[in-house]
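Values below: all heavy atoms of this structure, side chains included; hydrogens, waters and symmetry mates excluded. Every chain is numbered from 1, with letters handed out A, B, ... down the list of sequences.
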There are 2 protein chains.
Amino acid sequence: MTIKDIARLSGVSVSTVSRVLNDHPDVSEEAKEKVLAVVQEYNYIPNTSARELGKTSSDNIGVVVRGLSNPFYTKIITEIGSGIEKAGYTMVMQQIAAGEDEIMTAAKMERDKKLQGLIFLGGNLDYTKERMTSINVPYVCCTFNNQYGTLDKSDYSSVCIDDNQAAYDAVEYLVNEGHRKIVVLLSGVEDGSVSQVRFAGYKRALKDFGIQLDENLIIEINSFNIADAYSGMKDWLKKNREFTAVFAISDNMAMGAMKALREAGKKMPDDVAVIAIDGIEASEYMNPVLSTLCQPMEKMGSEAVKLLVDIINGKSTYRHVILPTTLREGETLK
Amino acid sequence: MTIKDIARLSGVSVSTVSRVLNDHPDVSEEAKEKVLAVVQEYNYIPNTSARELGKTSSDNIGVVVRGLSNPFYTKIITEIGSGIEKAGYTMVMQQIAAGEDEIMTAAKMERDKKLQGLIFLGGNLDYTKERMTSINVPYVCCTFNNQYGTLDKSDYSSVCIDDNQAAYDAVEYLVNEGHRKIVVLLSGVEDGSVSQVRFAGYKRALKDFGIQLDENLIIEINSFNIADAYSGMKDWLKKNREFTAVFAISDNMAMGAMKALREAGKKMPDDVAVIAIDGIEASEYMNPVLSTLCQPMEKMGSEAVKLLVDIINGKSTYRHVILPTTLREGETLK
DNA sequence: CTGAAAGCGCTAACAA
DNA sequence: TTGTTAGCGCTTTCAG
């Protein structure tokens, strides 16, 4: 069943069929009805590849998401989706696994789908100028920026929180409660991920508050997994080191740590305070409720779209938006 | 940059370029090197649409997943992915939102990607024979079957747990602990979803154990959301009805309910026991750890692939696999 | 081992 | 308002 068959069956030309299928004006009601009837009857489904191939342009905006099911992105994606729709564009989303190359994916997508623009969600912080030349449409990095890369500020746009400052703030909250022995739970110190940036904020805060950085209070795990955080914390606890608070660089990791702490008989927040960054829904259902610095997910999504669309329409050039976090008091901070 | 340019630039024909791009044999080392060099130099990326359009067949297996980020599916997807790879096929995954039509999506995909077979993850239980005629390759329903539809058993295959029995078992565990006033937390009684099947299991168990179904102990919410479960439970608690246990039809909902119970001052499992079905990772990090009947996620994924591949290769016809659940004791049951 | 050429199923000028 | 036709960028016979 191709467009040709439909044309023949409904007694019109393929172009007419194409026109009704694409809601073009300049088609008589009569022709329209005939075609639609045949389409219905034979359950005709146009071939996407042919369609995309033939098209000279599109109003597609691509979204490349790293991570198959990061709950943290769900809200942002929803917001991005409706924002794109509202702006009159069509969202084309591609999720990629941790190991895959988002730039390659984006470059392919740009050509295949004839994108007008791109949004990266959860990419790396170390894009190089050279690699980005394969992307020829405007793009905005959402939830991260290019801290470790070689891009000029003017080569791209971004929407994110100030991760370094958020970590600083988290530590400050703890210090204000009188804590000095603050464990930090992070993933790969030098992994070039957001973990590194937040760790830097932790160190900066310690310095500012006159606390010596203690290597013994650093728990480094190899992922952002809740399970790994759990076992990482558990193993560390066996060392029996003194501490009164934990700063986890993500909610997810904090959740794993909390279980380990609980099993070790530590009461939160009395024996040990816990604070993290992210503000995902799940951590709100923990017992006790996790105290954390929330990223403004909806706002991030809508800002990213607004920014991108402005750039596409020439109403704006590159821009770097930094959004504030808000403290969820929770029950692990006191 | 098209294949033609590459051909010209490397002094061979387009067919030769196509051959090296597709790893065909029958290409001289020399030609191969030349082409690859040019491809590298110009950073050429073949157009996917054109590729798919020209192709006469593929070794693609499609996976249609309902729900953008259901953590419950993550493990299954991973397993399906590696299973498909191992079998020498290529996975093409498409995630669709709650409102979208998975059959339409699958039908499009089948034609566009020239699929050999399909796996549905988390679809509905009420497919009609008529609608499924648009799918012309073998498919297996994973995590659900066609309980409410009009398909013949021989029209499809499935891999899932016995949801009715799982609910029955859950209630039985509670009854064995002496509970008689068992609240059930479910989504839309007549929604045709798995909620309905599990509710049926709940009722069957009550009957078998001589407990009168009490309408006052049914909490019905409109989604599977943790937040809705929380507020649903909270509202219900205001009614001050007597009960000693809660059976939630999903882990997620149980997690919401637990928070409401906690806030109402109910200790688990002493004041009230809680049990659910699913066994997602997050519920293992709750405090107390949720007692639940775990679905064998990895097994479900691998079985689904094995079954589908067998059918594709003519080594098997339709089959309906029912996998056992296992109890995670947890801390909410006693 | 290689190339020419005919599609794949659609869209989009261009005429009519 | 409609039809004709030339692509879109690739794969795949079929000769050579």
### Results of side-chain hydrogen bond (donor to acceptor under 3.5 Å, both in side chains) for Thr74(A) - residues two or more places apart only
Ser69(B)
### Task
Decide yes or no for Leu151(A) and Thr128(A): does some side-chain heavy atom of the first lie under 4.5 Å from some side-chain heavy atom of the second?
no
### Residues, nucleotides or ligands: over 12 heavy atoms within 6.0 Å of Met1(B) CE
yes
### Query
Can you tell me if CG on Asn222(B) sees more than 12 non-hydrogen neighbours from other groups inside 6.0 Å?
no
### Task
Take the protein atom CD1 of Ile3(A) and the nucleotide atom P of dG7(C), then report the distance between them rounded to whole Å.
19 Å
### Message
Looking at every heavy atom in both Gln95(B) and Ile77(B), which two are closest together, and how far apart are they?
### Response
OE1-CD1, 4.1 Å
### Query
Which residue pairs pass the side chain to side chain donor-acceptor pair (under 3.5 Å) test when at least one of the two sits in residues 112-127 of chain A, sequence neighbours left out?
Glu52(A)-Lys113(A), Glu102(A)-Tyr127(A), Asp112(A)-Thr48(B)
### Nearest heavy atoms of Val64(A) and Ile96(A), plus distance in Å
CG1-CD1, 4.2 Å
### Message
Holding to side-chain hydrogen bond (donor to acceptor under 3.5 Å, both in side chains), I want the full list of residues that pass it with His24(A), two or more places apart in sequence or in another chain.
### Response
none
### Query
Contacts to DNA chain D from residues 105-116 of chain A, heavy-atom cutoff under 4.0 Å, which residues?
none
### Query
How would you label the contact of Ser15(B) with the nucleic acid (heavy atoms, under 4.0 Å): base, sugar-phosphate, or nothing?
base
### Residues that Asp191(A) engages under salt bridge (charged side-chain N to carboxylate O under 4.0 Å, His left out), provided they are two or more places apart
none
### Task
Specify the angle, to 10°, made by the local axes at the two ends of the helix from dC1(C)-dG16(D) to dA16(C)-dT1(D) when five pairs are taken at each end.
30°
### Closest non-hydrogen atom pair between Val17(A) and Ala7(A), with its separation
CG2-CA, 3.7 Å
### Pair listing, side chain to side chain donor-acceptor pair (under 3.5 Å) test, anchored in residues 27-45 of chain B, at least two apart
none
#### Entry: Under-4.0 Å salt bridge between Lys129(A) and Asp152(A)
yes
### Message
Give the residues of residues 46-55 of chain B touching DNA chain C, defined as any heavy atom closer than 4.0 Å, sorted by residue number.
### Response
Leu53(B), Gly54(B)
### Task
Report the distance from atom NZ of Lys4(A) to atom P of dC8(C), rounded to the nearest whole Å.
7 Å
### Task
Using a cut-off of strictly less than 4.0 Å between a heavy atom of the residue and any atom of DNA chain C, enumerate the qualifying residues of residues 22-42 of chain B by number.
Asp26(B), Val27(B), Ser28(B), Ala31(B)
### Query
So does Ser18(A) reach the base of dA12(C) with its side chain, donor to acceptor, closer than 3.5 Å?
no
### Query
When the ring planes of Tyr156(A) and Tyr139(A) are compared, do they come out parallel, tilted or perpendicular, using 30° and 60° as the limits?
parallel
### Message
Please determine whether a side-chain nitrogen or oxygen atom of Thr56(A) lies at a distance below 4.0 Å from atom OP1 or OP2 of dA12(C).
### Response
yes
#### Entry: Residue pair Leu307(B) / Ser316(B): nearest heavy atoms and the distance that separates them
CD1-OG, 4.3 Å
### Message
Can you confirm whether Leu21(B) sits close enough to Arg51(B) that some side-chain heavy atom of one is under 4.5 Å from a side-chain heavy atom of the other?
### Response
yes
### Query
Taking all atoms of both residues into account, what is the closest heavy-atom pair of Val38(A) and Ser10(A), and its distance?
CG2-CB, 3.5 Å
### Message
For chain A and DNA chain D, what are the first and last nucleotides along the strand, 5' to 3', with at least one atom under 4.0 angstrom from a heavy atom of the protein chain?
### Response
dT1(D) to dG9(D)
### Message
Restricting to side chain to side chain contact (heavy atoms under 4.5 Å, CB included), what partner residues turn up for Lys299(A), sequence neighbours left out?
### Response
Pro296(A), Glu303(A), Leu323(A)
### Task
Flag yes if more than 12 heavy atoms outside Glu100(B) fall under 6.0 Å of its CD atom; otherwise flag no.
yes
Atom pairs, N/O to N/O, protein against nucleotides 14-16 of chain C, distance under 3.5 Å?
none

